[in-house]
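In what follows, chains carry the letters A, B, and so on, assigned in the order in which the sequence lines appear, proteins first and then strands, with residues in each chain numbered from 1.
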Amino acid sequence: MTNLDEWLSVLNPEQRAAVVHQGSPLLILAGAGSGKTRVITTKVAWLIKERRVDPESILAVTFTNKAAREMSERARRMEPRAERSVLRTFHSFGAWILRRNASLAGLDSNFTVYDDDDSVTLLSKAMPVLTRQQAQGAVRKIARAKDYCYSPNDSRLVEIDPDPDFADVYATYEKRLRDTGNVDFGDLILLPVRLLNSDATVRDRLTRRFSVVMVDEYQDSNVAQFEFLKAVTGPGSYICVVGDDDQSIYRFRGAEVRNILTFSENFPGTAVIRLERNYRSVAPILSIAGHVVENNEGRLGKTLIAERGAGKKPVLVFLRDQDEESSFCAELIQNAQKKGVPYADWAILYRTNAQSLGFETEFLHRKIPYRVVGSLKFYEREEIKDALAFLALVANGRDEVAFRRVVNKPSRGLGEVTQDKIVSEARKALFEGVAGADGNFDFGEKADLLSAARRVLEGLPKKARSGLSEFITIVESLRSLIGDAPPVDDGDEFAGLFPAHATTGDVPLPDAERQSVGDSGAIVPDSSKKKGAVGLAVFVERLVESSGLLAYHQGQDEVAGTQKVANLQELVNAASLYSADRAGLTEFLEHIELDRSMVEDDDNPDSVTLITVHNTKGLEFPRVVITGLESGIFPRDDKAGDDLEEERRLMYVGCTRAMDELYLTSCAARRLYGRTAFMEPSKFLREIDPSDVQVLGRAPRGFTSFTARDSSLDGGSTGGRSDVSGRPLHGESRGGQDSLGDSVPRRDFAELAARWKVGRKLFHDDYGYGMITKAFPTDSEFVVMVRFESGGERRFLPKYQAKDLMLVEEEGL
DNA sequence: GACAGTGAAATTTTT
DNA sequence: TTTCACTGTC
């Protein structure tokens, strides 16, 4: 096989060194666009092919499902045996361990994962004194505590919340969560760490199984993940982490840049390889990104080299307000589109989701196709959460949150009082069960909320009684449809797969497991599962109907004109690829809980991407506009110190997404919370080398525009505000187009002539900067001649081409 | 238990 | 401006 040589030969020397490195821990500092995914996947293939490493002993973890999928696919393309390697997200890998050791970890064998909303509901029920907002805040802090591996009794909790009551809240939450048998996201890391640190057998088996451990995007790992990493590596493990400290943007979620900054200290003998050759962006883009991030202190230091060489200078545009900002973007895109640039080449980046609205309105109006990444999450919609909760309750009868969500939906006369009664009845049984157990958990079927419901049935008022027995019947018939009642204890259940206390070494996984491993968290499992196929979809369909949820949401659709039924149908479809048994159900739920990335609508593949800067990590676009570069928005003005450095890294991430063209927009005013606020340009704009950008629009003080530099040419005859409206150029170009072209009848050429005067500077998308040399009316049109800096003179009709010819406003000298 | 009305608040969020 | 949580009413 010379395949591998080919793969290696396309790598640059540093990349190749990273691939073939062995013998010590390795830290790969991979700058943006430096081909790190290629390095990781080639390394997997190389290890299997060249070093004859057993594919099953390779573990590679990433943060996003998308990245995990990509890694898995690319590795398999190079080396099919990589399918047997464990290429997963951190959380999915944690779930993988817990699923096999559920009993040891104190979990229900069919545990599901609570999202933040579920956690808030749970805590609110556990501590009714808390307002919803307080519960939300507490859940956020608990998540942070778990990021840092702090238990409720850890004295360091004060770092997260100085309030001494916080520990109690955390402890209460934990207890209640354990009672449900479920986990939250933090547990998917924390519980495996605890398990591995307390159970030498499990740990030994794991560290022996994985001789190679790799981590991608290491700069975004948190303390718990660092502990996790240490727990799964033994003396014989080869560990390799890849990351870019300049792209660490999840500090607010507990990510510790320190993990990457101090990796070499934590893993003595670490070799460091820097990948600094950037294959994505043209030089001036990297120059901007580099100059901005250079202002950070805590960094390892890297300088990207633009392998693509020179290219179009990024454009810095000053605009009046967000309306102009969105119309500027729209025009940019439409003009390019007319010249054959697909919509899909463009991405509009913003700091906060709320900013997407203006762009959506404008694009809708102009019929520019777009997709908003990250908003309206499918799995967070009410009807979907309802259906999933019902499924979760069928899977795990102790799921209090799921139970409460669906028991009275549609209304069955079962209010909070009745719900509380049932839940406390079940929890009572739980305590008794635990008390009688000898070390192991023994919940018995009494802890099941359904069975508790049956026990309290007699004491209920008539209406509640009939509603509840109806509900019980529905759930029971669904349970019998899907298969056996949940096992009381899972210890033996998984023994064959991954025995909790095996005395042997590695246990080969059965086929079914291999598939899900290779699948690395994709919603759609391997085709081999299709045999059970229609099965689970049929089940979900049945559930949606018999639960009354379908009728309920149908009613909602009718009154509100929503799409809830269609969404439910989509969920049913998604289930069609899973087997119609309990295992299939658990797998379906886990996939959905861990991978909520929306299934791409390929309705219109050619559309502009609207996206927060955070969400662009790992993506690239030929043309990028970073919007809202104003103090208070990006960065927010309360940012200082480390937080400010993180914002700066965010800016760095945004810039380095652009391949060919980068635009930066900044507004002088912005409507914020209903009022108009005057904005200052982002401080990051001042960190840019002025010679790296072309400035358009009314540049505020301190910014040198084209006009300012060449003011001698013109003597400032236009005086900076010759424009009647006083609007900066984009209002002009658009306004001119709209009002003169469409709505307003002929005003002869006076208005055009006033604006398009000899001597005025302008900027053309293709030809760059130029000056009007002639301006005159013909018998039907008003014509201007423009001489461009790049040389050459052209004739334009401003009436039609106003948007291609952006006048440069003189100001801010 | 469902609804309308009032008032305060308003990032980013891989899983 | 918009959103959502809470309050009071039927």
Side-chain angles (χ1 to χ4, degrees), chain A residues 61-69 88-95 113-117 119-120 124 130-136 139-140 143-144 146-147 183-190 216-217 219-222 224-225 228 247-255 322 349-358 373-375 377 379-380 408-419 463-464 467 521 559 590-597 611-619 628 632-639 643 646-647 649-651 653-654 670-677:
Chain A
V61 288
T62 64
F63 283 84
T64 67
N65 290 292
K66 201 177 167 195
R69 266 195 298 271
R88 296 196 153 214
T89 64
F90 259 112
H91 290 86
S92 147
F93 178 56
V113 184
Y114 277 159
D115 66 15
D116 292 350
D117 260 4
S119 295
V120 172
S124 298
L130 299 179
T131 66
R132 179 136 191 115
Q133 213 161 30
Q134 288 170 317
Q136 245 161 10
V139 162
R140 217 185 353 257
R144 189 62 21 77
K146 291 187 176 185
D147 287 341
V183 296
D184 60 22
F185 279 118
D187 287 339
L188 290 174
I189 310 298
L190 191 55
D216 192 12
E217 305 280 13
Q219 76 281 352
D220 283 325
S221 62
N222 59 33
Q225 284 155 342
F228 196 16
Q247 291 188 67
S248 173
I249 55 174
Y250 284 104
R251 183 182 136 85
F252 67 96
R253 295 182 102 243
Q322 72 246 55
L349 276 52
Y350 36 79
R351 178 64 178 76
T352 67
N353 280 310
Q355 289 166 255
S356 77
L357 213 78
V373 175
S375 74
K377 291 188 181 133
Y379 297 108
E380 277 168 25
N408 197 36
K409 201 170 196 177
S411 177
R412 296 186 180 91
L414 302 164
E416 201 173 357
V417 178
T418 314
Q419 292 173 24
K463 192 171 151 210
V559 296
E590 182 171 314
H591 276 303
I592 284 176
E593 281 143 4
L594 296 186
D595 184 359
R596 305 198 145 189
S597 58
I611 190 169
T612 62
V613 190
H614 278 93
N615 269 324
T616 61
K617 204 179 71 171
L619 304 179
I633 300 279
F634 192 5
R636 283 179 67 88
D637 48 12
D638 53 354
K639 299 281 172 164
D643 285 337
E646 172 137 324
E647 295 276 309
R649 292 192 291 265
L650 200 53
M651 177 75 180
V653 167
R670 182 174 289 274
R671 283 188 309 280
L672 231 42
Y673 309 139
R675 19 173 102 239
T676 300

If the cut-off is 4.0 Å, is A:N353 near the phosphate of B:dT13, judged by side-chain N/O to OP1 or OP2? yes

Taking atom P in both B:dT13 and C:dC4, what distance in whole Å separates the two? 16 Å

Between B:dT14 and A:T62, is there an OP1 or OP2 to side-chain N/O distance shorter than 4.0 Å? no

Taking the side chain of A:S411 as heavy atoms from C-beta outward, which of B:dT11, B:dA2, B:dT13 is closest to it? B:dA2

Rounded at 0.5 Å granularity, tell me how far CD1 in A:I249 sits from CD in A:E646. 7.0 Å

How many Å lie between OH on A:Y250 and C1' on B:dT11, as a whole number? 12 Å

Taking N or O atoms only and anything under 3.5 Å, show me the protein contacts with nucleotides 1-3 of chain C, one pair per line.
| residue | atom | partner | partner atom | Å |
| --- | --- | --- | --- | --- |
| C:dT1 | O4 | A:Y673 | O | 3.4 |

Could you give the distance separating B:dT14 and C:dT3 at their C1' atoms, to the nearest angstrom? 26 Å

For B:dT12, does the base pair up with any side-chain atom of A:R636 as donor and acceptor (N or O, under 3.5 Å, distance only)? no

Quick one: side chain to side chain contact (heavy atoms under 4.5 Å, CB included) partners of A:V139, sequence neighbours excluded? A:S119, A:V120, A:L123

Here the distance between atom C1' of B:dT13 and atom OH of A:Y350, to the nearest Å, is 14 Å

Can you classify the ring geometry of A:F90 versus A:F228 as parallel (below 30°), tilted (30 to 60°) or perpendicular (above 60°)? tilted

Can you measure A:I611 atom CD1 to B:dT14 atom C1' for me and round it to whole angstrom units? 12 Å

I'd like to know if A:D595 and A:R69 make a salt bridge, using a cut-off of under 4.0 Å between side-chain N and carboxylate O. yes

Under 3.5 Å, is there a donor-acceptor pair between the A:Q136 and A:Q134 side chains? no

Please list, pair by pair, any protein nitrogen or oxygen found under 3.5 Å from a nitrogen or oxygen in nucleotides 6-10 of chain C.
| residue | atom | partner | partner atom | Å |
| --- | --- | --- | --- | --- |
| C:dC6 | OP1 | A:R132 | N | 3.2 |

Interatomic distance where CZ belongs to A:R69 and C1' belongs to B:dT14 [whole Å]: 12 Å

Along DNA chain B (nearest heavy atom to each residue), the more 5'-positioned of A:K617 and A:L414: A:L414

Without hydrogens or angle criteria, can the side chains of A:N353 and A:S356 be said to hold a donor-acceptor pair below 3.5 Å? no

Salt bridge flag under 4.0 Å for residues A:K146 and A:D184: yes

Can you sort out the partners of A:R671 under side chain to side chain contact (heavy atoms under 4.5 Å, CB included), two or more places apart, ordered by chain and number? A:Q322, A:D323, A:T676

Mind checking what makes side chain to side chain contact (heavy atoms under 4.5 Å, CB included) contact with A:D220, not counting sequence neighbours? A:F63, A:S248, A:Y250, A:A255, A:K617

According to side chain to side chain contact (heavy atoms under 4.5 Å, CB included), who are the partners of A:Q355, at least two apart in sequence or on a separate chain? A:Y350, A:R351, A:T352, A:T627, A:I633, A:R670

For nucleotides C:dC6 and B:dT11, find the distance between their C1' atoms and express it as a whole number of Å. 24 Å

When A:E416 and A:E646 are each assigned the nearest nucleotide of DNA chain B, the 5'-most assignment goes to A:E416

Closest to side chain of A:F63, choosing from B:dT14, C:dA5, B:dG1: B:dT14

Interatomic distance where CG belongs to A:L188 and C1' belongs to B:dT14 [whole Å]: 14 Å

Whole-Å distance separating the CD atom of A:Q247 from the P atom of B:dT14: 17 Å

Given atom CD of A:E593 and atom C1' of B:dT15, what is their separation to the nearest angstrom? 11 Å

Look at the side-chain N and O atoms of A:N615 and state whether any lies under 4.0 Å from the OP1 or OP2 oxygen of B:dT12. no

How many Å lie between CD on A:Q355 and P on B:dA10, as a whole number? 17 Å

Under 4.0 Å: is that the gap between some side-chain N or O of A:T89 and OP1 or OP2 of B:dT14? no

